[in-house]
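This report concerns only the one structure given below.
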Amino acid sequence: MPELPEVECIRRALEGLLVGRTLSLDHIARQDIVGSLSNPRGQRRGPVKPIADEQLLHRSVVDRVLRKGKQLAIGSLCDRWLIVRLGMSGQLLTGSAASERCDHVHARWTIGGGASLAFRDARRFGSLIPCPSLSELEAHWQRLGPDALSIDPMDLLDRLRSRKLAVKAGLLNQQIVAGVGNIYADESLFRARIHPRTVCTSFRHEHAVRLAESLREVLASAIEHGGSTLRDYCSPSGITGSFRLVHQVYGREGQCCLICGAKLSGARVGGRATVWCPTCQGRRIK
DNA sequence: CTGGTCTCCTGATCGC
DNA sequence: TGCGATCAGGAGACCA
């Protein structure tokens, strides 16, 4: 379940491994994981259109690796881009991690004639999206909200306050703020001492300040720890992240709050399993 | 337009 | 030990 910190760790690793190297597409095992800008999830039913190898960076020299929210984009010198969305279980693997795993590998490249790069995704919620230029990429990413790592409190307030939904659901909406998934939504709300069911319309400036700051702290800390590994996530070289060890609420329903000792509550909010501290995160917004 | 629910997909886990 | 049921979750589809 890669969220912003995990994707940022992958981006940094890929940047070091790929920039200046030429990719050669070895094979695509499943065409249906390839999407388009107008249909990001790909052709999941019906006949699949074949994709030109060049659109998947075949014989392209990698120039940059960018990220916005949970999306990655690998850019080539000739301004061809490949957006990678990892979904639930997607991985980009390199080196021995790439060559050792064969199951669920949907696409594979060779890096500069040597090492291997593999896109692996057991649950197939992820996709690869060819993009013809940086300007098209920027237009596509414009539809996402600001990146959660650097969102401005006033911007966050503006985006949330018009919505009549639980703040937890708001954080999970990538058009409001990009990069937050279930883990970091719960963690940042806990740190900001805001109840996940707080209706966004009741937000005031101070709450947005607290939430934006908590998002930044939680996400930056997770990046430093190499991300959270629950099941599938690992870095391109196959290393798992350690942030799970410092989760304060996620996955801890029924256990004691690490701040006040109260028993952590759990319920579904915004359609997702949610955990919070009934004492630290009061029902009424403070 | 908005917000809630359904759906896709497979591996891990649980109860029997 | 084996097996079916259940759950997890990103995000588009769909509906009231």
Side-chain angles (χ1 to χ4, degrees), chain A residues 1-8 10 29-46 48 67-73 83-92 101-107 119-129 140-145 147-148 158-189 196-203 219 222 227-234 240 244 247 249-254 266-275:
Chain A
M1 37 218 77
E3 301 181 32
L4 187 154
E6 292 77 33
V7 177
E8 176 59 21
I10 294 168
R30 297 189 67 111
Q31 294 271 355
D32 61 1
I33 53 101
V34 180
S36 64
L37 291 172
S38 57
N39 184 15
R41 292 223 287 170
Q43 200 69 42
R44 296 305 164 110
R45 53 193 64 197
V48 182
R67 176 193 64 75
K68 182 162 185 187
K70 306 173 194 175
Q71 299 189 21
L72 272 177
I83 300 171
V84 182
R85 302 198 321 174
L86 296 168
M88 272 291 297
S89 56
Q91 300 171 322
L92 284 168
R101 303 307 298 254
C102 294
D103 53 332
H104 307 298
V105 169
H106 308 311
F119 173 66
R120 180 171 183 267
D121 185 7
R123 272 167 255 190
R124 281 189 277 136
F125 281 15
S127 61
L128 303 176
I129 305 161
H140 186 68
W141 278 357
Q142 193 63 41
R143 307 204 304 230
L144 295 172
D147 196 73
D158 280 347
R159 289 170 166 276
L160 288 177
R161 202 160 46 176
S162 60
R163 302 296 200 118
K164 199 179 169 186
L165 44 60
V167 61
K168 163 80 182 256
L171 285 177
L172 293 178
N173 183 334
Q174 302 301 298
Q175 287 161 302
I176 295 177
V177 49
V180 184
N182 206 32
I183 297 172
Y184 298 105
D186 280 8
E187 293 299 322
S188 55
L189 287 169
R197 284 206 170 108
T198 305
V199 178
C200 292
T201 48
S202 65
F203 256 56
L219 296 170
S228 300
T229 297
L230 296 184
R231 196 165 293 155
D232 301 306
Y233 169 72
C234 64
T240 58
R244 178 178 56 139
H247 286 171
V249 285
Y250 181 84
R252 298 192 65 244
E253 179 184 348
R268 293 188 84 79
V269 181
R272 293 286 170 253
T274 302
V275 183

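In this text, all values refer to a predicted model and were calculated from it rather than measured experimentally. Sequence lines set the chain letters: A, B, ... in the order given, protein chains first and strands last, and positions in each chain run from 1.
Remark: P of C:dG10 and CG of A:N182 are 6 Å apart, rounded to the nearest angstrom. At whole-Å resolution of the value, CG in A:D32 and P in B:dC9 are 8 Å apart. Atom pair A:L86:CG and C:dA8:P shows a separation of 22 Å (rounding to whole Å applied). Following rounding to the nearest Å, A:M88 (CE) and C:dA8 (C1') show an atom-to-atom distance of 5 Å. Rounding to whole angstrom units, CD1 of residue A:I183 and P of C:dG9 are separated by 8 Å. Across the protein-nucleic acid pair, A:Y184 atom OH and C:dG10 atom C1' stand 15 Å apart, rounded to whole Å. Atom C1' of nucleotide B:dT2 and atom CG of A:L160 are separated by 15 Å, given to the nearest angstrom. For A:L165 and B:dT5, the CG to C1' distance is 14 Å, given to the nearest whole Å.
Side-chain nitrogen and oxygen atoms of A:H104 include at least one within less than 4.0 Å of the OP1 or OP2 phosphate oxygen of B:dG11. Here A:R123 does not reach the OP1 or OP2 of C:dG10: none of its side-chain N or O atoms lies under 4.0 Å away.
A:E6 places a side-chain N or O within 3.5 Å of a backbone atom of A:E3 that can act as its donor or acceptor partner. In this structure a side-chain-to-backbone donor-acceptor pair under 3.5 Å is present from A:H106 to A:D121.
Applying the side chain to side chain contact (heavy atoms under 4.5 Å, CB included) criterion to A:A178, with sequence neighbours excluded, gives A:L144, A:Q174. Taking A:R163 as the reference, A:L165, A:N173, A:I176, A:C200 meet the side chain to side chain contact (heavy atoms under 4.5 Å, CB included) condition, with sequence neighbours excluded. Under the side chain to side chain donor-acceptor pair (under 3.5 Å) criterion, A:S162 pairs with no residue, sequence neighbours left out. The side chain to side chain donor-acceptor pair (under 3.5 Å) search around A:E187 returns none, not counting sequence neighbours. Residues satisfying the side chain to side chain contact (heavy atoms under 4.5 Å, CB included) test with A:R67, not counting sequence neighbours, are A:L4, A:V7, A:E8, A:R11, A:L72, A:D147, A:L149. Residues passing the ring-ring contact (aromatic ring centres under 6.0 Å, His included) test with A:F119: none are found, sequence neighbours excluded. Evaluation of the side chain to side chain contact (heavy atoms under 4.5 Å, CB included) rule for A:L172 yields A:K168, A:N182, A:A185, A:R272 as partners, not counting sequence neighbours. Taking the side chain to side chain donor-acceptor pair (under 3.5 Å) definition, one finds that A:S36 meets it with A:S38, sequence neighbours left out.
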Are there any protein N/O atoms within less than 3.5 Å of an N/O atom in nucleotides 3-5 of chain C, and if so, which ones and at what distance?
none

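Looking at which nucleotide of DNA chain B each of A:R30 and A:R163 is closest to, the 5′-most match is held by A:R163.
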For each nucleotide in nucleotides 11-16 of chain C, reading 5' to 3', give B when a protein heavy atom comes within less than 4.0 Å of its base, S when such contact involves only the sugar-phosphate, and - otherwise.
BS----

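End-to-end axis angle for the helix from B:dT2-C:dA16 to B:dC16-C:dG2, using five pairs per end and rounding to 10°, comes out at 50°.
Looking at heavy-atom distances under 4.0 Å, A:A169 makes no contact with the nucleic acid at all.
Side-chain contact between A:R124 and A:H104: absent, with no pair of heavy atoms (C-beta onward) separated by less than 4.5 Å.
Residue pairs satisfying the salt bridge (Lys or Arg N to Asp or Glu O under 4.0 Å) criterion with at least one member in residues 170-183 of chain A, sequence neighbours excluded, are absent.
Proximity note for A:R268 (side chain, C-beta onward) versus B:dG3, B:dG11, C:dA8: the nearest is C:dA8. The side chain of A:R124 lies closest to B:dC9 when the candidates are C:dG10, B:dG3, B:dC9.
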